[in-house]
Amino acid sequence: MRIRYFAWLRQRVGCSEEEVELPAEVRTVGDLKRWLGSRHPRFAEACAAIGVVKAAVDHEFADDDRPLAGAREVAFFPPVTGG
Amino acid sequence: MRIRYFAWLRQRVGCSEEEVELPAEVRTVGDLKRWLGSRHPRFAEACAAIGVVKAAVDHEFADDDRPLAGAREVAFFPPVTGG
Amino acid sequence: MTVRVVETPFDPSAELAAFCRGRTDVGAIASFIGLVRDEHGGERILAMTLEHYPGMTERQLARIEAEARARWPLFDVLVIHRVGRMLPGEPIVLVATASAHRAAALEACAFLIDWLKTKAPFWKLEETPAGARWVEARASDEEAAARWER
Amino acid sequence: MTVRVVETPFDPSAELAAFCRGRTDVGAIASFIGLVRDEHGGERILAMTLEHYPGMTERQLARIEAEARARWPLFDVLVIHRVGRMLPGEPIVLVATASAHRAAALEACAFLIDWLKTKAPFWKLEETPAGARWVEARASDEEAAARWER
């Protein structure tokens with residue numbers, strides 16, 4: 001599965017994307033956040049603040065309880081500020 | 001005093017403007033409407049329908065009770081339809 | 001002059017370009033363009049003539065503009081209204097507002113066109129295949145203007 | 001294509017001119033232009049970089065446009081969003097809507113920019129004399145978007 005990071009989260013994690021093999025117990029976006037947090041301490045820090053890390057699964061906004069089955073790409077980013 | 005008519009009211013009355021000498025008893029816009037109605041039957045007809053004839057005294061919208069003292073120009077017209 | 005009544009065709013996009021040009025302090029520009037439609041109430045419109053009350057028109061437009069500037073923090077306002085005879089597709093009116101933030105620009109723009117529609121002395125005469133007819137005022141325009149009363 | 005993400009400067013007035021051109025059925029065109037400001041929160045802005053999520057951006061913009069078309073009777077919609085590095089005064093975004101009547105055009109335009117601000121994956125990085133900083137999301141943007149929820 002491809003993981004992507006944007007804006008200051010990208011800078012904190014130190015990479016814009018990575019390919020990962022998920023353990024079987026990582027089933028939801030919330031599981032994935034915790035699992036990635038164990039690899040990237042600064043990602044875990046950001047996730048600890050409520051509402052600061054948003055997620056998208058295959059280009060759709062996704063909450064923590066969104067299942068990952070069949071997903072190809074998950075992105076994490078701060079709240080958007082376009083327009 | 002100069003009287004001006006616009007849009008279909010101008011066509012009904014048959015003139016776009018006229019100079020009039022007001023009798024002393026014509027003191028308000030409402031008085032003026034009645035007095036002009038006695039000269040222009042089709043103006044009187046239009047005034048009989050509520051809300052159809054609007055007035056402006058010296059370029060300001062005016063209700064029937066607006067006094068005419070000091071006024072130089074009074075205009076009558078249908079509800080506006082610009083924009 | 002930010003309020004203009006014009007007797008010949010104008011180019012709203014060129015006016016907007018001039019309105020934006022060289023400004024680095026403005027964050028948001030909202031605009032509204034009203035165009036002559038080729039159809040109204042099921043009838044084909046061949047042309048439209050805008051009559052107005054010279055003198056009162058400019059005064060009312062300036063007053064409406066001043067009211068918008070009093071209500072919202074605006075860097076600039078532009079109102080151009082065409083009069084005379086025009087053809088379908090030609091611009092009748094342009095309203096543009098410039099502010100630091102979008103809510104002020106968008107609201108002031110909507111306010112300006114709503115008030116202009118009910119408070120500026122313009123009258124539309126439509127030419128249809130069956131003849132000319134004066135456009136009737138719409139109750140919905142009064143309602144739209146009334147939401148800004150306070 | 002009515003939704004475009006562009007990496008080089010664009011001219012909102014030329015885009016609007018093309019959007020209006022040759023249309024005689026449209027009565028009302030509303031537009032919003034967002035520009036880079038030279039000041040934010042009391043600090044001078046030297047430049048702004050817009051990062052986005054290619055693929056998701058286009059998908060979200062297309063969805064927001066479809067939502068606007070479902071809610072209002074629109075002849076046409078145009079959304080152009082710049083990405084990359086830009087200077088004060090340069091356009092970031094253009095939203096334009098065309099309808100037979102002004103209320104639909106104005107409301108749909110406000111809706112599009114409000115939703116774009118909270119639902120499209122763009123992030124702003126400002127360059128100030130003190131260094132670069134990411135722009136924080138504003139609660140007022142969420143509130144502006146929420147008024148269109150139903």
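The sequence lines fix the lettering, A, B, ..., with proteins before strands; numbering per chain opens at 1.
- Residues Met56(D) and Arg4(A) fail the side-chain proximity criterion, which asks for heavy atoms closer than 4.5 Å.
- None of Trp123(D), Phe122(D), Tyr53(D) except one satisfies the side-chain contact (heavy atoms from CB on, under 4.5 Å) rule with Val80(A); the exception is Trp123(D).
- Only the side chain of Ile113(D) comes within less than 4.5 Å of a heavy atom of chain A; its backbone N, CA, C and O stay farther away.
- Across Glu142(D), Arg138(D), Lys124(D), Arg82(D), the residue that shares the most heavy-atom pairs under 4.5 angstrom with chain A is Lys124(D).
- With a threshold of 4.5 angstrom between heavy atoms, Arg63(D) approaches chain A through side-chain atoms but not through N, CA, C or O.
- Interface residues of residues 88-112 of chain D toward chain A, defined by a heavy-atom distance below 4.5 Å and sorted by number: Ile92(D), Val93(D).
- In this structure, His81(D) contributes its side chain and Gly83(A) its backbone to a donor-acceptor pair below 3.5 Å.
- Between Glu51(D) and Arg10(A) there is a side-chain heavy-atom pair separated by less than 4.5 Å.
- Ring-centre distance between Phe6(A) and His52(D): not below the 6.0 Å cut-off.
- More than 12 heavy atoms of other residues, nucleotides or ligands lie within 6.0 Å of CD in Glu149(D), so this atom counts as buried by the packing criterion.
- Residue contact with chain A, scored on non-hydrogen atoms closer than 4.5 Å, involves the side chain of Gln60(D) exclusively.
- The 12-atom threshold is exceeded at CZ of Arg147(D), counting heavy atoms of other residues, nucleotides or ligands nearer than 6.0 Å.
- In this structure, Arg39(A) places its CZ atom where more than 12 heavy-atom neighbours from other residues, nucleotides or ligands lie under 6.0 Å away.
- Counted within 6.0 Å of CZ on Arg23(D), heavy atoms from surrounding residues, nucleotides or ligands total more than 12; the atom is thus considered enclosed.
- Between the OG1 atom in Thr81(A) and the CG atom in Leu50(D) there is a gap of 7.5 Å [rounded to 0.5 Å].
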